[in-house]
Chemist: 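This is the structure I want to talk about, given as structure tokens.
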Amino acid sequence: MEGVKIPEHIAIIMDGNGRWAKKRLLPRSVGHKYGMERMIGLMERAFELGVKYITVYALSTENLKRPQEELDALFNLFRNHFSEYMGRVCARGVRLRAIGDISLLPEDLQKILKDSEEQTAKYEGKGINVAVCYGARDEIVNAVNKAVEKGEKVTEESFSKLLYTGEVPDPDLIIRTGKEVRLSNFLLYQAAYAELYFSDKMFPEFSDKDLDKAIMAFSKRTRRFGKTDEQL
Ligand code: IPE
Ligand code: IPE
Ligand code: MG
């Protein structure tokens, strides 16, 4: 994609797995399986294009209120495939970080995430953040409490370091699939100047070409950060 400005950090709200499955008369869990596989494909494409960080919204704090049957299916998917799939992507020098209140996950899944984090901690430059049991309000409240415990006033800069994404730059582009036009409690602090891109496609059918299209749309945006065109 010559001449196209590549975002350094892309965050993805992967939405529409359930509706994709329902339309095909399949159980929702099958939609999640296809969604997970599609996510791996998109990560590979994004890194190939030169993206440095990818944040994936995999499970929100609110999603924990879904029926136990669906949560169990999601947890099993994670249990059975996460290490293998992520291992494939991370083997190319990608550092994995879990963001969210991981303590809300079953213990064996917490361990899978911690092991992946440890195994990839040596890598610099490229990163994947998996948002699980993640809620931006929870993240902000948690950061406020950390600041209060330290007894120090915060600045915009120091506060952002207290968030789950502390070591990662803010997203340049946030993509949401699945037709909804909202953030659903995702990266509310970090998204201040992100470019937003919404796709009507359900996540399992969001192709590499669709990702390219989103990046091309990003490339055409003028990011003013409050300034005038003349100042840029
Ligand atoms: C997104 O797909 C994945 C998760 C929230 C885990 P959904 O499960 O929300 O799919 P829809 O929105 O019901 O189609
Ligand atoms: C957002 O999708 C959360 C994830 C993609 C993990 P939801 O399907 O939970 O969002 P709402 O409920 O439609 O806002
Ligand atoms: Mg949804």
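Every number for a ligand or one of its atoms is a count from 1 in the order of the listing. Heavy-atom basis, side chains included; hydrogens, waters and symmetry copies ignored.
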Chemist: Out of curiosity, is Arg176 lining ligand 2, as in a heavy atom under 4.0 Å away?
Modeler: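 For ligand 2, residue contact (heavy atoms, under 4.0 Å) with Arg176 is present.
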Chemist: Looking only at heavy atoms of Met202, does any of them come nearer than 4.0 Å to an atom of ligand 1?
Modeler: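 Contact absent.
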Chemist: I want to know if ligand 2 touches Arg182 in the polar sense, i.e. an N/O pair below 3.5 angstrom.
Modeler: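 The answer is yes, given that Arg182 and ligand 2 share an N or O pair closer than 3.5 Å.
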Chemist: Do Glu37 and Lys33 meet the salt-bridge criterion of a basic N to acidic O distance under 4.0 Å?
Modeler: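 Yes, charged N to carboxylate O under 4.0 Å.
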Chemist: Could you tell me whether Asn63 and ligand 1 have an N or O pair separated by under 3.5 Å?
Modeler: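 No.
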Chemist: Please state whether Gly16 comes within less than 4.0 angstrom of ligand 1, counting heavy atoms only.
Modeler: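 Right, Gly16 reaches ligand 1.
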Chemist: Count the heavy atoms of every other residue, nucleotide or ligand shown that sit under 6.0 Å from CZ of Arg79, and state whether that count exceeds 12.
Modeler: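 Result for CZ/Arg79: enclosed.
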Chemist: Check each atom of ligand 1 against the heavy atoms of His32 and keep those under 4.0 Å away; list them by number with element.
Modeler: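 Near His32, meaning under 4.0 Å from one of its heavy atoms, ligand 1 has 3 (C), 6 (C), 8 (O).
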Chemist: Any chance CD of Glu84 has more than 12 other-residue heavy atoms, nucleotides or ligands included, within less than 6.0 Å?
Modeler: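 Yes, because the 6.0 Å sphere around CD of Glu84 holds more than 12 heavy atoms from other groups.
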Chemist: Is there side-chain contact between His32 and Glu70, with heavy atoms separated by less than 4.5 Å?
Modeler: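 Of all side-chain heavy-atom pairs linking Glu70 with His32, at least one is under 4.5 Å.
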Chemist: Taking 4.0 angstrom as the limit, do Arg19 and Glu180 come out as a salt bridge?
Modeler: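 Here Arg19 pairs with Glu180 in a salt bridge, since their nearest N and O are under 4.0 Å apart.
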Chemist: Please could you name the atoms of ligand 2 that Ile13 approaches to less than 4.0 Å, counting only its heavy atoms?
Modeler: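 In order of numbering, the contacting atoms are 5 (C).
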Chemist: Applying a 4.0 Å heavy-atom criterion (strictly less than), which segment of Arg66 is in contact with ligand 1: side chain, backbone, both, or neither?
Modeler: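 It is the side chain that gets close, since no backbone atom is under 4.0 Å.
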Chemist: Would you say the side chain of Lys126 lies within less than 4.5 Å of the side chain of Arg95, judging by non-hydrogen atoms?
Modeler: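 No, their side chains stay 4.5 Å or more apart.
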Chemist: Can you check whether a protein heavy atom sits less than 4.0 angstrom from atom 12 (O) of ligand 2?
Modeler: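 Under the 4.0 Å cut-off, atom 12 (O) of ligand 2 has no protein heavy-atom neighbours at all.
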Chemist: Please could you name the atoms of ligand 2 that Leu59 approaches to less than 4.0 Å, counting only its heavy atoms?
Modeler: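 Those qualifying, in numeric order: 6 (C).
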Chemist: Distance to 0.1 Å, residue and atom name: give those for the protein heavy atom nearest to atom 14 (O) of ligand 2.
Modeler: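 Closest protein heavy atom to atom 14 (O) of ligand 2: Ser184 OG, 2.6 Å.
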Chemist: Look at the aromatic rings of Tyr134 and Phe186 and report parallel, tilted or perpendicular, splitting at 30° and 60°.
Modeler: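 Correct class here is perpendicular.
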Chemist: Are Val130 and Phe82 close enough that some pair of their side-chain heavy atoms sits under 4.5 Å apart?
Modeler: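 Touching, per the 4.5 Å side-chain cut-off.
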Chemist: If the threshold is 4.0 Å, N to carboxylate O, is there a salt bridge linking Glu117 and Lys122?
Modeler: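 Looking at Glu117 and Lys122, the cut-off is not met.
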Chemist: Hey, is Arg28 touching ligand 1 through its side chain, its backbone, both or neither, going by heavy atoms under 4.0 Å?
Modeler: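 Side chain only.
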Chemist: Show me which atoms of ligand 1 lie under 4.0 Å from any heavy atom of Met14.
Modeler: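 Numbered from 1, ligand 1 contributes 1 (C), 2 (O), 3 (C).
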Chemist: Considering only protein heavy atoms, which is closest to atom 10 (O) of ligand 1, and at what distance to one decimal place?
Modeler: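 Here the nearest protein heavy atom works out to Gly18 N, 2.9 Å.
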Chemist: Under 3.5 Å between any N/O of Tyr57 and any N/O of ligand 2: does that happen in this structure?
Modeler: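 No, there is no polar N/O contact under 3.5 Å.
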Chemist: For Tyr34 and Trp20, I'd like to know if the aromatic rings sit close, meaning centre-to-centre distance below 6.0 Å.
Modeler: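 Close enough - the centres of the two rings lie under 6.0 Å apart.
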Chemist: Check for a donor-acceptor pair, side chain of Ser158 on one end and backbone N or O of Val154 on the other, with a separation under 3.5 Å.
Modeler: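 Checking the backbone N and O of Val154 against the side chain of Ser158, no donor-acceptor pair under 3.5 Å is found.
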Chemist: Anything under 3.5 Å between a donor and an acceptor, one on a side chain of residues 163-175, the other on a protein residue two or more places apart or in another chain? List them.
Modeler:
from	atom 1	to	atom 2	distance (Å)
Tyr164	OH	Asp138	OD2	2.9
Thr165	OG1	Gln190	NE2	2.7
Glu167	OE1	Arg97	NH2	3.3
Asp172	OD1	Arg223	NH1	3.1
Asp172	OD2	Glu8	N	3.0
Asp172	OD2	His9	N	2.9

Chemist: Taking both backbone and side-chain atoms of Arg19, is any N or O found less than 3.5 Å from an N or O belonging to ligand 1?
Modeler: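 Such a contact does occur with ligand 1.
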Chemist: Near the Mg ion (ligand 3), which protein N/O/S atoms fall under 2.8 Å?
Modeler: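 Per the 2.8 Å query on the Mg ion (ligand 3), atoms found are Asp15 OD1.
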Chemist: Heavy-atom distances under 4.0 Å decide this one: backbone, side chain, both or neither, for Ala58 against ligand 2?
Modeler: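 The part of Ala58 near ligand 2 is the backbone, not the side chain.
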Chemist: Any chance you could lay out the side-chain hydrogen bond (donor to acceptor under 3.5 Å, both in side chains) test for Tyr189 and Glu139, step after step, and finish with the verdict?
Modeler: CA-CA 9 Å; Tyr189 189 87; Glu139 178 183 41; over 6 Å; no
Chemist: Counting neighbours of NZ on Lys201 that are heavy atoms of other residues, nucleotides or ligands and sit closer than 6.0 Å, is the number greater than 12?
Modeler: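 Atom NZ in Lys201 is crowded, with more than 12 foreign heavy atoms closer than 6.0 Å.
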Chemist: For ligand 1, which atoms, with element, lie under 4.0 Å from some heavy atom of Asp15?
Modeler: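 Answer for ligand 1: 1 (C), 2 (O), 7 (P), 9 (O), 10 (O), 11 (P), 12 (O).
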Chemist: I'd like to know if the side chain of Ser219 reaches the main chain of Lys5, judged simply by a donor and an acceptor atom lying under 3.5 Å from each other, with no hydrogens or angles considered.
Modeler: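 Answer holds: yes.
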